[in-house]
Amino acid sequence: MNVAPTPDTHEVAPLTVRDRVGDIVRHPGFRGFAHLLLPWDDNSAYLDTTLADVGRLMPYHGHVRPDVVVHALNRMLDDAAKGLPICYDFYTEQQKQADSGKEMTALFFLRGKPGAPFALICPGGGFSYVGSLHEGFPLAVELSARGYNAFVLRYRVGSELRATEDLAAALAYVTDHAGQLGVGVDGYSLWGGSAGARMVGNIAQYGAARFGGVGVPAPGAVVIAYTGQSGISSTYPPTFMTVSSDDRIVSEAVMDERAAGLRRAGVPVEYRKYRHAGHGFGTGAGTDAVGWMERAVRFWEEHGGFDGP
């Protein structure tokens, strides 16, 4: 297993909204992988931006709450202070040398109960950036607080296909190392928002093997948030969907038709619509979508075949 080094406990200090993006990059608790926490491949233009204005880094996302972002980062720093690995390489050094773009990939792990099922979260960003700060780590914190093991994927930008291949590779890594990671594989879930939901949809429709994830079982459930993808298949896992009517990037009508089409194909679907959450609402904090994750978790539990972690 390739694991980024974990800092000494005395080096870990919490972040605040008064800190700057550069303070994340320089933080000893994130040594060796801090750049992979941030949205862009090159974040140099934002290093002086305060975390109170962190939404500037994620232009496709709405309702970015600096307090929620900082809380999630500090949860990860707490884990680092306990000596727990946070960041995992799912590609080998040989694979990275063969494709330098894979240097910008990683899996971030927020632990739940040992042996509990895992969720793998794919943040969006239009395949231009990866919005983990808002749409990845905060969701993982919520899932971890419920006892589930949660991974956040940092994938290659610029190509939906390459990003989906990264998701398949990450799934293969987690399933192959489930015992060492202390996670349950049966009934796992995939979560994605916007571009990330396209990646999840690709795995749901075609299977991980098509994208290189050989031997990866089908998920127990998928969670698809605000995406314009319209693929439908009778082999889709049980699917939870959500969107807001005032989304200016994704058509509510496309989501409506996809939900209806999946139901016609015999796929269990729960579809939740909101009115004032916009696009990329993350956990829903500060919007009328607050609480959507609780509904999604209940759906996952029902169809994943377990009653809590």
Side-chain angles (χ1 to χ4, degrees), residues 117-124 135 139 143 146 148 150-151 153 160-161 163-165 167-168 170-172 174-175 184-245 247 249-274 277 279 281 284 289 291-308:
F118 78 88
L120 200 157
I121 302 164
C122 302
E135 204 174 48
L139 274 68
L143 292 169
R146 289 173 166 83
Y148 293 105
F151 295 91
L153 176 64
E160 180 177 341
L161 175 58
T164 305
E165 290 171 348
L167 172 55
L171 282 170
V174 174
T175 54
V185 172
D186 292 344
Y188 76 90
S189 62
L190 293 180
W191 298 56
S194 196
R198 298 184 73 90
M199 297 155 57
V200 170
N202 291 336
I203 299 296
Q205 185 162 356
Y206 302 110
R210 178 162 176 169
F211 302 95
V214 178
V216 175
V222 294
V223 179
I224 291 176
Y226 36 79
T227 182
Q229 190 183 48
S230 56
I232 295 169
S233 169
S234 62
T235 60
Y236 241 74
T239 302
F240 183 98
M241 300 175 63
T242 186
V243 72
S244 181
S245 297
D247 192 316
I249 294 178
V250 169
S251 167
E252 176 187 8
V254 171
M255 294 281 289
D256 291 348
E257 179 53 35
R258 191 181 197 188
L262 287 170
R263 286 172 175 145
R264 288 194 298 268
V267 177
V269 173
E270 182 173 341
Y271 182 27
R272 294 286 171 177
K273 294 200 290 185
Y274 302 96
H279 185 77
F281 51 74
W292 79 267
M293 285 191 65
E294 183 177 353
R295 294 180 180 277
V297 168
R298 287 203 299 266
F299 180 87
W300 174 28
E301 290 172 344
E302 176 184 354
H303 295 282
F306 45 84
D307 183 19

Next item on the list: Name all residues meeting the side-chain contact (heavy atoms from CB on, under 4.5 Å) criterion together with Ser233; count only those two or more places apart in sequence or in a different chain, and write none if there are none.
Entry: Gln205, Thr235, Tyr236

Notebook entry, point to check: Which pair of heavy atoms, one from Pro238 and one from Val267, lies closest together, and at what distance?
Noted result: CA-CG1, 4.2 Å

Next item on the list: Return each pair, listed once, that meets salt bridge (Lys or Arg N to Asp or Glu O under 4.0 Å) where at least one residue sits in residues 217-226; pairs must be two or more places apart or across chains.
Entry: none

Check: For Arg298, what residues pass the salt bridge (charged side-chain N to carboxylate O under 4.0 Å, His left out) criterion, not counting sequence neighbours?
Finding: Glu294

Next item on the list: Go through the structure and list residues passing ring pair (Phe, Tyr, Trp, His ring centres under 6.0 Å) with Phe118, not counting sequence neighbours.
Entry: Phe151, Tyr188

Margin query: Quick check for you: to the nearest 0.5 Å, what is the distance between Tyr274 atom OH and Asp247 atom CG?
Written below: 14.0 Å

Checklist line | side chain to side chain donor-acceptor pair (under 3.5 Å) partners for Ser189, two or more places apart | finding: Trp191

Notebook entry, point to check: Within a strict 4.5 Å, meaning less than it, do heavy atoms of the Leu262 and Met241 side chains meet?
Noted result: yes

Notebook entry, point to check: Which value, rounded to the nearest 0.5 Å, describes the distance between Thr242 atom OG1 and Met293 atom CE?
Noted result: 11.5 Å

Distance-only donor-acceptor pairs under 3.5 Å for side chains of residues 216-230, two or more places apart:
{"residue": "Tyr226", "atom": "OH", "partner": "Glu135", "partner atom": "OE2", "Å": "2.4"}
{"residue": "Tyr226", "atom": "OH", "partner": "Phe281", "partner atom": "N", "Å": "3.4"}
{"residue": "Tyr226", "atom": "OH", "partner": "Gly282", "partner atom": "N", "Å": "3.3"}
{"residue": "Thr227", "atom": "OG1", "partner": "Ser194", "partner atom": "O", "Å": "3.4"}
{"residue": "Thr227", "atom": "OG1", "partner": "Gln229", "partner atom": "N", "Å": "3.3"}
{"residue": "Gln229", "atom": "OE1", "partner": "Arg258", "partner atom": "NH2", "Å": "3.0"}
{"residue": "Gln229", "atom": "NE2", "partner": "Arg198", "partner atom": "O", "Å": "3.2"}
{"residue": "Gln229", "atom": "NE2", "partner": "Asn202", "partner atom": "OD1", "Å": "2.9"}

Next item on the list: Please round to the nearest 0.5 Å and tell me the distance separating atom OH of Tyr206 and atom CZ of Phe211.
Entry: 7.0 Å

Item checked: For the student: nearest non-hydrogen atoms of Ala265 and Ser234, plus distance -> O-CB, 3.6 Å

Notebook entry, point to check: Residues in side chain to side chain donor-acceptor pair (under 3.5 Å) with Arg264, at least two apart?
Noted result: Glu257

Margin query: Please enumerate all residues that pass side chain to side chain donor-acceptor pair (under 3.5 Å) together with Asp256, with sequence neighbours excluded.
Written below: Tyr271, Lys273

Check: Can you name the one residue among Ile121, Leu171, Leu153 that meets side chain to side chain contact (heavy atoms under 4.5 Å, CB included) with Leu190?
Finding: Leu171

Note to self: Considering only residues two or more places apart or on different chains, which pairs with a residue in residues 205-225 satisfy salt bridge (Lys or Arg N to Asp or Glu O under 4.0 Å)?
What the structure shows: none

Checklist line | Any residue meeting side chain to side chain donor-acceptor pair (under 3.5 Å) with Arg272, in chain and number order, not counting sequence neighbours | finding: Glu270

Next item on the list: Compare every heavy atom of Val250 with every heavy atom of His279, then report the nearest pair and how far apart it is.
Entry: CE1-CG2, 3.5 Å

Margin query: Show the nearest heavy-atom pair for residues Ile203 and Ala168, with the distance to one decimal.
Written below: CD1-CB, 4.2 Å

